[in-house]
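First up is the structure itself, then whatever we jot down about it.
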Amino acid sequence: MKLGLSLPNFRDDPEPMLAVARAAEAAGLDGVFGFDHLFRRSPAGKLRPALEGLTMLGAVAAETSRIALGPLVARATLRPAATLATALETLHRVSRGRLVATIGSGDEESREENESFGLGFGDVDDRLRALTAAVDWSRGHGFPVWVGGTLGAVRDLAARRADGWNRWGGSVERFAQQTAHVREVAGTRPFTVSWGGLIVLGESESAADKKRTQLTPGPGVLVGGPERVAEALQAYGDAGAEWVIVGPIDSSAPDNASLLGERVKPLLASN
C-alpha cells in the first residue's frame, strides 16, 4: 500500500506547499496531491484564497525528483475537457512521468466558486457529462487517470472508463463495500483503488490529543500518534486500498510529512 499526502494550497504564499512537498519526498512518502479550487470557505464562512492547483503542481514537479504528484481532484467543470487534458499531459512531461491525475465532477460545495467566475455548474447529469468528457480526453497519454467521488454513477464511470477510483472519507465498511463493487465492474484489467481522508497526527498520543484541542477537528477526522494512525490506515488497505492519501488539518507543517514517512509508513509496510 502506498502512502500519499495532500498539500496546503488554500493560501496566498506558495512556499508552505513547496516545503511540505520537499519534506514528503525526503521522508520517503509515495505521493503528494493538490486540491483544485478557485477559493474556499472555512467552516466559519470566511473566504480563503487558493493557489491554482495545476500551476502549483508544476512548481512541485520542479522542486522534487522522485515523488508522484497530481490533483485530488481536478474539477471537470472548471476547464474544457481538452484544456484539462492538455494541462495534465504537460504536467506529465514536466514531472518526467510522475503524474497521477484524479478528476472529479465537483459537488454542491463547489457551486459558489463556479458561479462567482461565470462558469456553469449545472445539475448532476451535467457534471457527469463533463466528467466523462474530461476522463475520455485525458486517458491514453501515458499517465494514470483516476476518478474521485462517492456517487454510484461516478463509481461506475471510474470502473468502466478510468484507471482507478478514489473515495474521500467514509467508514472502512462503506469503503470495502464500494471497492468490491467497483472492482467487479472494472473486471480483470489493471485498476487502482485509493482512499483519502483528514487526520491530526502527533508524535505520540498525548501530542495528538494536544493538537486536537488546538485544532478542534470535525467528525470523521482520524486523530492519533503514528501507531494509531497506521492501524487505522491499514484497515483501509485491508479493505482494498492500494493508496491511502491523508490530509493533515495543520496542512502547512512539514513535520506531518516527516512523521508519516519515517514512523507511519514503516508500520504499514510491516503489516
Report, one line per pair, each donor and acceptor closer than 3.5 Å where one atom sits in a side chain of residues 195-203; sequence neighbours left out.
| from | atom 1 | to | atom 2 | distance (Å) |
| --- | --- | --- | --- | --- |
| Trp195 | NE1 | Gly169 | O | 3.2 |

Rounded to the nearest 0.5 Å, what separates atom [atom1] in [X] from atom [atom2] in [Y]?
X	Y	atom1	atom2	result
Arg41	Phe10	CZ	CZ	13.0 Å
Ser105	Asp126	OG	CG	11.0 Å
Trp137	Leu88	CH2	CG	13.5 Å
Leu7	Met17	CG	CE	4.5 Å
Arg167	Phe175	CZ	CZ	9.0 Å
Asn9	His37	CG	NE2	8.0 Å

Pairs where [range] contributes a residue and the test salt bridge (charged side-chain N to carboxylate O under 4.0 Å, His left out) is met, not counting sequence neighbours:
range	result
residues 137-159	Arg139-Asp163
residues 10-20	Glu15-Arg22
residues 232-258	Arg183-Glu242, Lys211-Asp250

Is there side-chain contact between [X] and [Y], with at least one heavy-atom pair below 4.5 Å?
X	Y	result
Leu259	Val264	no
Thr192	Pro144	no
Val221	Leu215	no
Leu38	Ser116	no
Glu112	Phe39	yes
Pro254	Pro16	no
Ser110	Leu78	no

Linked, directly or transitively: [X] and [Y] (ILVMFWY side chains, under 4.5 Å):
X	Y	answer
Trp165	Leu157	yes
Leu84	Leu131	yes
Leu18	Leu57	yes
Leu29	Val60	yes
Leu54	Leu72	no

So, for [X] and [Y], which heavy atoms are closest and what is the spacing to 0.1 Å?
X	Y	answer
Pro8	Ser251	CB-OG, 3.3 Å
Leu267	Pro226	CD1-O, 3.9 Å
Ala162	Val147	CB-CG2, 3.7 Å
Ile103	Ala76	CG2-CB, 4.2 Å
Leu91	Gly58	CD2-N, 3.4 Å
Ala27	Ser258	CB-CA, 3.9 Å

With side chain to side chain contact (heavy atoms under 4.5 Å, CB included) as the test, would you mind laying out the steps for Phe143 and Glu89 before giving the verdict?
CA-CA 8 Å; Phe143 53 87; Glu89 187 177 11; 4.3 Å; yes

So does [Y] get a backbone contact from the side chain of [X], meaning a donor-acceptor N/O pair under 3.5 Å?
X	Y	answer
Arg98	Ala61	yes
Ser138	Val135	no
Lys265	Leu3	no
Arg127	Gly122	yes
Glu25	Arg66	yes
Arg75	Asp36	yes

Could you walk me through whether Asn256 and Val20 pass the side chain to side chain contact (heavy atoms under 4.5 Å, CB included) test, one step at a time?
CA-CA 8 Å; Asn256 287 311; Val20 170; over 6 Å; no

Partners passing side-chain contact (heavy atoms from CB on, under 4.5 Å) against Val73 (at least two apart in sequence or in another chain):
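Result, side-chain contact (heavy atoms from CB on, under 4.5 Å) vs Val73: Thr102.
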
Val182 and Phe191: side chain to side chain contact (heavy atoms under 4.5 Å, CB included), yes or no, with the steps?
CA-CA 9 Å; Val182 167; Phe191 189 85; 3.2 Å; yes

Contact list for residues 43-52, test side chain to side chain donor-acceptor pair (under 3.5 Å), sequence neighbours left out
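Every side chain to side chain donor-acceptor pair (under 3.5 Å) pair that includes a residue of residues 43-52, provided the two are not neighbours, is Glu52-Thr55, Glu52-Arg79.
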
Going by atom types only, do Thr150 and Arg174 share a side-chain donor-acceptor pair under 3.5 Å?
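No pair is found: no donor N or O on one side chain lies under 3.5 Å from an acceptor on the other.
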
Over 60° means perpendicular and under 30° means parallel, so classify the ring planes of Phe33 and Trp243, tilted if in between.
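Trp243 and Phe33: perpendicular rings.
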
Do Glu109 and Arg40 meet the salt-bridge criterion of a basic N to acidic O distance under 4.0 Å?
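Judged by the 4.0 Å cut-off on N to carboxylate O distance, Arg40 and Glu109 do form a salt bridge.
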
Just wondering, are more than 12 heavy atoms of other shown residues or ligands nearer than 6.0 Å to CZ in Arg189?
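Correct, the count exceeds 12.
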
If you draw a 6.0 Å radius around CD in Glu108, do more than 12 non-hydrogen atoms from other residues or ligands fall strictly inside?
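More than 12 heavy atoms, drawn from other residues, nucleotides or ligands, come within 6.0 Å of this atom.
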
